[in-house]
Amino acid sequence: PIFLLRQAGVLQFGPASQNVDAPTSATLLLANIAYPQYRLLVMVVAAAVLAAVVLLFTATRFGLHARAAIARPEVAAALGVPVHRVAARAFVLGAALAGLAGALIAPLISVDPNMGLGYLVPAFLAMLVGGGTSVFGVLAGAAVVGGADSVLGLYLSSVWAQIAVFVLAVLLIRLRPSGLIRERGER
């Protein structure tokens, strides 16, 4: 199905990259540095969505069910958690968040059928490094992977920085297979 959607997009808009204009080109002056308002808006929306997702997974019945279904689906099902329904809702939530992220980032980069692929490997590494069973673990993994890439990118070419981040991720996964942050009771 994803290939059909991608090809439908290519047929509709062509294979070339498309540009989306930002809603505003205004800048905000902070400490004598001009910041584009749209980029600041994206950061605020990202922080708000992140807080909402953390609250959803830590303070609601759905979050409890989702965490149970992720950790031990058989046990969760035996305790009455509708695992398939929770998985379907989590998938819808993930798709909605991906759509929101694509809509927010479209004015900042060129849009093409493969625009999200560059984020796939770092996101997967962040989940592996942080630990996939904890929202805070994934956040810690994202901080390590993204931070290391940014810092190493100052001193190395982008290719060597990505290779170094990959090696760092492999070392961290080897040293802590369950991730940087584990759920309570997990060994």
Side-chain angles (χ1 to χ4, degrees), residues 2 5-6 8-10 12-60 62-63 66-67 89-132 134-162 164-166 168-169 179-181:
I2 190 72
L5 290 174
R6 185 179 300 159
V10 169
Q12 177 68 33
F13 301 107
S17 295
Q18 305 290 322
N19 291 319
V20 176
D21 293 329
T24 179
S25 60
T27 59
L28 183 65
L29 197 62
L30 297 172
N32 292 329
I33 300 173
Y35 291 99
Q37 283 184 354
Y38 183 72
R39 286 182 184 259
L40 293 173
L41 173 70
V42 169
M43 287 187 250
V44 168
V45 170
V49 169
L50 175 63
V53 169
V54 168
L55 280 174
L56 176 71
F57 278 94
T58 59
T60 66
F62 170 77
R67 287 182 288 132
R89 288 180 179 163
F91 178 82
V92 169
L93 174 66
L97 290 174
L100 176 64
L104 287 173
I105 203 166
L108 302 176
I109 64 172
S110 62
V111 176
D112 64 64
N114 299 313
M115 70 184 266
L117 293 180
Y119 302 106
L120 190 61
V121 171
F124 186 65
L125 285 178
M127 193 230 15
L128 289 177
V129 167
S134 165
V135 174
F136 297 108
V138 175
L139 291 175
V144 168
V145 170
D149 189 41
S150 295
V151 170
L152 292 171
L154 295 173
Y155 303 104
L156 305 170
S157 72
S158 63
V159 172
W160 281 108
Q162 289 177 353
V165 167
F166 184 72
L168 174 67
L180 295 175
I181 298 178

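From a predicted model like this one, the values you see are computed outputs, not experimental measurements.
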Task: pair Leu55-Thr60: side-chain heavy atoms closer than 4.5 Å - done: no
- [ ] List the atom of Val111, the atom of Ala106, and the distance in Å for their closest heavy-atom pair.
- [x] CG2-CB, 3.7 Å
TODO: Could you pull out all residues at least two apart from Tyr119 that satisfy side-chain contact (heavy atoms from CB on, under 4.5 Å)?
DONE: Ile105, Ile109
Taking distance alone, no hydrogens or angles, what donor-acceptor pairs closer than 3.5 Å link side-chain atoms of residues 142-160 to residues at least two apart or in another chain?
{"unit_1": "Ser150", "atom_1": "OG", "unit_2": "Gly146", "atom_2": "O", "d": "3.1"}
{"unit_1": "Ser157", "atom_1": "OG", "unit_2": "Trp160", "atom_2": "N", "d": "3.3"}

Open item on the list: Around atom CZ of Phe124, are there more than 12 heavy atoms from other residues, nucleotides or ligands closer than 6.0 Å?
Closed with: no
Task: Verdict with reasoning, Leu93 to Phe57, per side-chain contact (heavy atoms from CB on, under 4.5 Å) - done: CA-CA 12 Å; Leu93 174 66; Phe57 278 94; 4.0 Å; yes
Open item on the list: Could you report the tightest heavy-atom contact between Ser110 and Asn19, atom names first, then the distance?
Closed with: CB-OD1, 3.8 Å
Task: Set of side-chain contact (heavy atoms from CB on, under 4.5 Å) partners for Val121, sequence neighbours left out - done: Leu125
- [ ] Apply side-chain contact (heavy atoms from CB on, under 4.5 Å) to Phe13 and Asp112, showing your working.
- [x] CA-CA 9 Å; Phe13 301 107; Asp112 64 64; over 6 Å; no
Open item on the list: Pair Val49, Leu97 - check side-chain contact (heavy atoms from CB on, under 4.5 Å), show working.
Closed with: CA-CA 9 Å; Val49 169; Leu97 290 174; 3.5 Å; yes
Identify each donor-acceptor pair in which a side-chain atom of residues 27-48 lies under 3.5 Å from a protein atom, sequence neighbours left out, and give them as a table.
{"unit_1": "Tyr38", "atom_1": "OH", "unit_2": "Leu104", "atom_2": "O", "d": "2.6"}

TODO: Identify the heavy atoms of Ile181 and Ala140 that sit nearest to each other, and give their distance.
DONE: CD1-CB, 3.7 Å
